[in-house]
Each structure stands twice: as structure tokens, then as C-alpha cells.
2 protein chains.
Amino acid sequence: MAKVDTSLVAHLPLFEGVRPDDLEEILREARSARYPRNTAIFEQGADAQSFFLLLHGHVRAAKTTPTGEQIVVRYVAPGETFGLAMAIGAPHYPATALAVDDSVVLIWPNSAWPRLIDRFPAIAANTLQTVGARLQESHTRILEMSTQQVEQRVAHALLRLAKQSGKKLDHGIEIDFPISRQDIAQMTGTTLHTVSRILSGWESQGLVESGRQRIILRDPHGIVVLAERTADGGSA
Amino acid sequence: MAKVDTSLVAHLPLFEGVRPDDLEEILREARSARYPRNTAIFEQGADAQSFFLLLHGHVRAAKTTPTGEQIVVRYVAPGETFGLAMAIGAPHYPATALAVDDSVVLIWPNSAWPRLIDRFPAIAANTLQTVGARLQESHTRILEMSTQQVEQRVAHALLRLAKQSGKKLDHGIEIDFPISRQDIAQMTGTTLHTVSRILSGWESQGLVESGRQRIILRDPHGIVVLAERTADGGSA
DNA sequence: CCTGGTGTTTGCGATAGCGCAAAACCGGCC
DNA sequence: GGCCGGTTTTGCGCTATCGCAAACACCAGG
């Protein structure tokens with residue numbers, strides 16, 4: 001197994017405040033693995049045995065109900081951790097992680113966690129911050145679902161994706177991994193049909209350009225405007 | 001200011017793994033305060049200067065949109081922490097905290113936080129667990145809002161409240177603080193009108209008994225059944 | 001080049017729940 | 001004991017969005 005260069009990960013929030021030689025020790029406890037597109041990294045409900053740091057690619061974390069409906073909890077971008085079940089005291093993974101693109105991850109056994117935070121308290125503090133940030137995002141999402149209509153929610157979702165994983169183009173921003181109408185529906189609490197209708201509408205207004213599992217924001221600012229619309233159409 | 005007896009708080013999750021004499025030192029850094037019913041403890045957007053531990057009473061954390069709509073993020077029960085903005089790296093409180101009942105809290109200045117987690121790493125770990133638990137709850141809530149209809153969401157909300165803050169009665173469980181239809185609407189992403197209709201319906205079926213800011217679950221099991229209903233009425 | 005399969009578009013009816021409005025209720029305060 | 005303000009109840013029309021169904025488009029593989 002190839003050794004991971006510390007310089008690749010030293011700047012990540014997770015390791016802020018960790019000394020370089022400590023970092024080397026930390027990385028020695030991890031192994032790396034590659035997951036091809038559309039393979040599962042772990043399944044919801046499985047015993048949580050490891051936690052992960054995404055190096056390359058994109059991972060979708062999704063939760064499934066007993067009746068089979070799914071929601072997307074989040075998309076993981078390179079540099080972010082996921083599968084932190086142990087850190088937050090859960091014995092099982094609360095969601096399923098799927099590589100939506102060929103992905104490379106670092107994997108630590110859960111048994112390493114107590115030792116890590118004991119020796120490097122900064123890691124606990126950093127993790128607390130990122131989990132806290134995710135909590136805030138969740139609350140924002142709940143707020144949106146409670147108070148906004150579908151079109152605005154979709155707009156917000158796309159803007160967040162563009163910010164997190166957007167590739168700047170000559171004219172516009174492309175979301176940098178395969179994402180379907182269904183995925184967006186599962187992020188915003190609606191159906192793929194409604195998402196499709198909305199995107200079609202936006203496309204005819206030149207706001208976006210999209211196709212099979214591919215979305216380009218041609219007019220990000222226009223989408224921001226949509227996202228912030230109060231609710232009254234405003235079409236004089 | 002009266003000194004806080006360590007035995008009152010020693011068993012709380014926050015202090016798990018902290019030695020009794022350390023605990024005393026920790027408590028010395030806090031002051032306590034009393035907030036009468038319906039007074040604000042802090043406002044959304046204000047500089048986060050302190051974090052809190054609720055000793056008695058009940059606190060509602062709510063988020064407001066720019067346009068004035070509100071959602072209830074959670075109800076804080078005695079023994080729980082709130083206002084952890086600093087711990088999660090936020091310079092401002094992301095929500096407003098209101099004492100919904102006469103409440104007593106311990107208050108630490110944020111400046112104490114770095115020192116605390118430095119000297120007592122268990123506190124960081126414990127906080128990570130509770131924040132993680134809240135994150136999971138948020139995800140569950142998002143899942144519910146995405147996949148269930150209003151009646152089921154209200155059922156789930158009441159059950160959670162009953163579990164967290166229910167007072168056992170001879171026959172039924174009473175939610176132990178004043179809560180209005182509007183509050184429940186803001187927890188479930190609906191309107192007070194719809195909540196009122198639902199509770200009226202349940203009342204006529206003997207499932208609940210309720211009045212002004214007061215709810216008693218007379219048949220908790222019946223509500224569980226409702227909460228788990230797939231969606232098809234089933235009235236054949 | 002053809003074919004299968006997944007993802008997308010679109011039409012059309014059905015409806016859960018909203019939004020507004022008005023009335024009834026309730027509890028505490030003066 | 002009566003008044004006042006917040007809370008709750010209820011009616012009624014409306015509409016955003018779902019749900020189903022069918023037709024399409026596109027990519028990958030053979």
C-alpha cells in the first residue's frame with residue numbers, strides 16, 4: 001500500500017493544530033482504499049468499524065426509511081470526513097455511503113479513535129467543529145423545508161452543491177460529479193418529476209443547462225435571486 | 001450567589017469521566033441565573049459570549065427566517081447543554097433561546113471553553129457525542145419531513161416530547177411544559193391550523209386530551225400506531 | 001449499428017394541506 | 001365579576017405538488 005504524503009492532508013481542518021510529525025504517526029494508522037463509481041463504502045445499519053477521510057472523488061450519504069424511501073443526507077467532498085459513527089457514539093452507521101465517482105479514501109479503524117483524541121486533543125476539537133457545522137446545515141435545511149416552496153429549495157440545493165463541488169467554467173459552474181434529478185429530489189424533499197419540471201423551466205430561461213446526471217449553472221446569480229424570492233411570483 | 005452542589009450535576013453526560021474534584025473546579029467557573037417564564041436567554045444573531053447548562057425548567061431554541069417565519073429547533077430539558085456556539089466554532093448564536101417555564105441555568109463564559117477542553121478532554125468527547133446525537137435527530141427530522149404526512153410527523157413530535165419531558169399520569173403522559181399548537185406546527189413544518197385539526201380529531205378518538213398550551217397523551221400506544229402508519233388510510 | 005436499460009420529460013387528474021377569515025374559548029388581571 | 005388578549009377551533013376555497021402513466025432521449029455494450 002502506497003504511503004500517504006502528509007503534505008496532501010496537512011492543511012485539512014481535521015488536522016489543524018496537529019504537528020507534522022504527529023500527523024505522520026496518525027496517518028500510519030490508516031490504510032487507503034479505492035472505490036469505483038457506484039460502489040457502497042458502508043451500509044446503513046452495519047456495525048461501524050471504521051471512519052473515513054475522502055481524498056478523491058465524491059461520496060453520497062443517504063438514509064433509507066423502513067418503507068424504502070431515501071433521502072440524501074449530504075454529499076462528501078474531498079478533504080471531508082465521513083462515517084464518524086464511533087466519534088458520536090453510534091454503534092451502527094446511520095446512513096449508507098456510496099461512491100458516486102471513483103473515489104479514494106483513508107480508513108482508520110474505530111479502535112484508533114480513542115487513542116487519537118487522547119493523544120491529539122485538537123482532533124476532537126476540530127471534529128466537534130465540523131460536526132457542529134453539519135448540525136447547523138441540517139437546521140438550515142429543516143428551516144427551508146418548513147418555510148420555502150420546492151423551487152426555492154432546489155435553488156438553494158444547487159447553489160450549495162456548486163459552492164462545495166462546483167467546477168468553474170468559462171460561463172457558469174458545473175457540478176463536478178454525476179447527479180440525477182432523483183438525487184436532487186432526495187435532497188430537497190420532493191419528487192424527481194417536480195425537479196425535472198423545475199429544471200426544464202430554468203433551462204428555457206437560460207439559467208441552467210443540464211442533461212443526464214449533469215447540471216451546469218449558467219446564471220448562478222439568477223438562481224440566487226430565485227432562491228431568495230419571498231414566495232409571491234412578482235411577474236408584473 | 002448560591003454554590004452549585006456537584007452531586008446535582010455529576011451524573012450528567014457532559015461530565016462523564018470527570019473526577020469529582022475537577023468537577024468542583026469546573027463549576028467554580030460558572031455562575032447560575034434564573035430566567036422567568038417567557039424571557040429570552042439569548043437572541044439569534046447575538047455575539048455568542050457564553051454557553052449554558054439547564055438545571056431546571058424548559059428552554060425552546062428557535063430559528064427565525066429573514067421574513068419572520070420561525071421553526072423550533074428543539075426543546076432543551078434539564079441536564080442538557082445549549083448555546084454551544086463557541087464549541088462548534090460559530091461567532092453568533094444561530095437561534096434564539098427562550099425560557100418557556102421558569103428556568104435555572106449554569107452559565108460559563110466562552111473564554112472558559114478552550115481551557116476546559118484542554119484540561120478535561122473528556123468534556124470535548126462528551127460534547128461531541130451530544131452534538132452528534134443532535135445531528136442524528138436532525139437527520140431523522142429531515143427524513144420525516146421528506147417522507148411522511150403531517151399527521152404522522154405530529155405524532156412523532158409528540159412522542160419525542162413525551163419521552164424527553166413527559167410526566168407520567170395515572171392514565172397517560174402529560175407534556176411537562178406549556179406548548180401551543182403553533183409550537184408544534186413549528187416543530188413539524190406545518191401550520192397551527194392543521195395541528196389544531198389533527199389534535200381535535202385525536203381528542204374525539206380519545207387519543208389525547210388537550211387545552212390551552214397543554215397536551216396529555218391518553219393513549220400513547222395509539223399514537224405510536226398512527227406515527228408508524230405507512231400512508232394508506234386502511235379504513236376498509 | 002442495433003438494442004436494452006437507465007434517466008428524463010411531460011400530461012393529467014387527485015388531494016393534502018395551506019391561507020384567510022371569523023367565531024368561540026379560556027384564563028388571568030384589574 | 002367583568003374585561004382583554006392570546007389561543008384554539010372551524011369553515012371554505014385554492015393551489016402547489018404529488019402520483020401515475022406513457023413517451024422519450026441517451027449511453028453503453030454487443
Side-chain angles (χ1 to χ4, degrees), chain A residues 36-38 60 67-72 98 100 144-155 175 177-205 208-216 226 229-235, chain B residues 36-38 67-71 98 100 144-155 157 175 177-205 208-216 226 229-233 235:
Chain A
R37 180 171 169 185
N38 283 329
R60 182 183 69 182
T67 60
E69 288 119 325
Q70 260 195 357
I71 63 151
V72 172
L98 182 85
V100 294
E144 284 177 7
M145 293 188 63
S146 298
T147 62
Q148 304 182 334
Q149 1 208 131
V150 173
E151 186 171 24
Q152 295 165 60
R153 302 206 301 264
V154 172
I175 294 178
F177 54 86
I179 186 167
S180 70
R181 308 284 184 267
Q182 172 83 53
D183 292 323
I184 293 172
Q186 292 175 346
M187 298 180 71
T188 52
T190 181
T191 64
L192 79 163
H193 307 276
T194 299
V195 172
S196 178
R197 281 180 244 271
I198 288 171
L199 288 185
S200 296
W202 289 355
E203 186 134 19
S204 67
Q205 297 171 54
V208 303
E209 192 180 320
S210 74
R212 194 191 182 75
Q213 307 204 98
R214 187 180 55 84
I215 300 176
I216 299 170
L226 272 184
R229 264 255 203 41
T230 314
D232 62 89
S235 58
Chain B
R37 182 173 167 183
N38 284 328
T67 60
E69 288 119 326
Q70 260 197 355
I71 63 153
L98 181 85
V100 294
E144 285 177 7
M145 292 189 62
S146 298
T147 63
Q148 304 183 335
Q149 1 207 149
V150 173
E151 186 171 25
Q152 293 164 61
R153 303 207 299 266
V154 171
I175 294 176
F177 55 85
I179 185 167
S180 69
R181 308 285 183 267
Q182 173 82 56
D183 292 323
I184 293 173
Q186 291 175 346
M187 298 180 70
T188 52
T190 180
T191 64
L192 80 164
H193 308 276
T194 300
V195 172
S196 179
R197 282 180 243 271
I198 288 172
L199 287 184
S200 296
W202 289 355
E203 186 135 17
S204 67
Q205 297 170 53
V208 304
E209 192 180 318
S210 73
R212 196 189 180 75
Q213 306 205 100
R214 186 180 55 83
I215 300 176
I216 300 171
L226 273 184
R229 261 253 209 33
T230 314
D232 62 87
S235 59

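None of these values were measured; they are calculated from a predicted model.
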Requested in this report: Look at A:Thr190 and D:dC18 and indicate whether a side-chain polar atom (N or O) is within less than 4.0 Å of OP1 or OP2.
Outcome: yes
Query raised in the report: By side chain to side chain contact (heavy atoms under 4.5 Å, CB included), which residues pair with A:Thr67, not counting sequence neighbours?
Result: A:Thr65, A:Glu69, B:Thr230
**Report entry** Nearest-neighbour nucleotide for the A:Gln213 side chain, C:dT8, D:dT17, C:dG17 considered
**Finding:** C:dT8
Requested in this report: Ignoring backbone atoms, establish whether A:Gln182 has a side-chain N or O less than 4.0 Å from OP1 or OP2 of C:dG7.
Outcome: no
Query raised in the report: In whole angstrom, what separates B:Ile198's CD1 from D:dT8's C1'?
Result: 14 Å
Requested in this report: Take atom CD1 of A:Ile215 and atom C1' of C:dT9, then tell me their distance rounded to the nearest Å.
Outcome: 14 Å
Query raised in the report: Quick one: side chain to side chain contact (heavy atoms under 4.5 Å, CB included) partners of B:Glu209, sequence neighbours excluded?
Result: B:Glu203, B:Ile216, B:Arg218
Report task. Could you list the residues that satisfy salt bridge (Lys or Arg N to Asp or Glu O under 4.0 Å) with A:Arg181, not counting sequence neighbours? Result -> none
Report summary line: In B/S/- notation (B base, S sugar-phosphate only, - none; protein heavy atoms under 4.0 Å), nucleotides 24-30 of chain C written 5' to 3' is --BS---
Side-chain atoms of residues 192-202 of chain A: list all donor-acceptor pairs with protein atoms under 3.5 Å, sequence neighbours left out, distances to 0.1 Å.
from	atom 1	to	atom 2	distance (Å)
A:Thr194	OG1	A:Thr191	OG1	3.2
A:Ser200	OG	A:Ser196	O	2.9
A:Trp202	NE1	A:Glu151	OE2	2.9

Query raised in the report: Where the side chain of A:Arg60 meets the backbone of A:Val72, is there a donor-acceptor pair that is under 3.5 Å apart?
Result: no
Query - Nearest-Å distance for atom pair CD1/P, residues A:Ile184 and C:dG7 - result: 14 Å
Query - N/O donor-acceptor pair under 3.5 Å between B:Arg214 side chain and B:Pro178 backbone - result: no
**Report entry** Sequence-aligned protein contact record of nucleotides 9-14 of chain D, with B where the base is within under 4.0 Å of a protein heavy atom and S where only the sugar-phosphate is
**Finding:** BBBB--
Query raised in the report: Do B:Ser146 and A:Gln186 have side chains that get closer than 4.5 Å, going by heavy atoms?
Result: no
Requested in this report: State whether A:Thr191 places a side-chain N or O below 4.0 Å from either non-bridging phosphate oxygen (OP1 or OP2) of D:dC18.
Outcome: yes
Report task. Without swapping roles, check the side chain of A:Arg153 against the backbone of A:Glu144 for a donor-acceptor pair under 3.5 Å. Result -> no
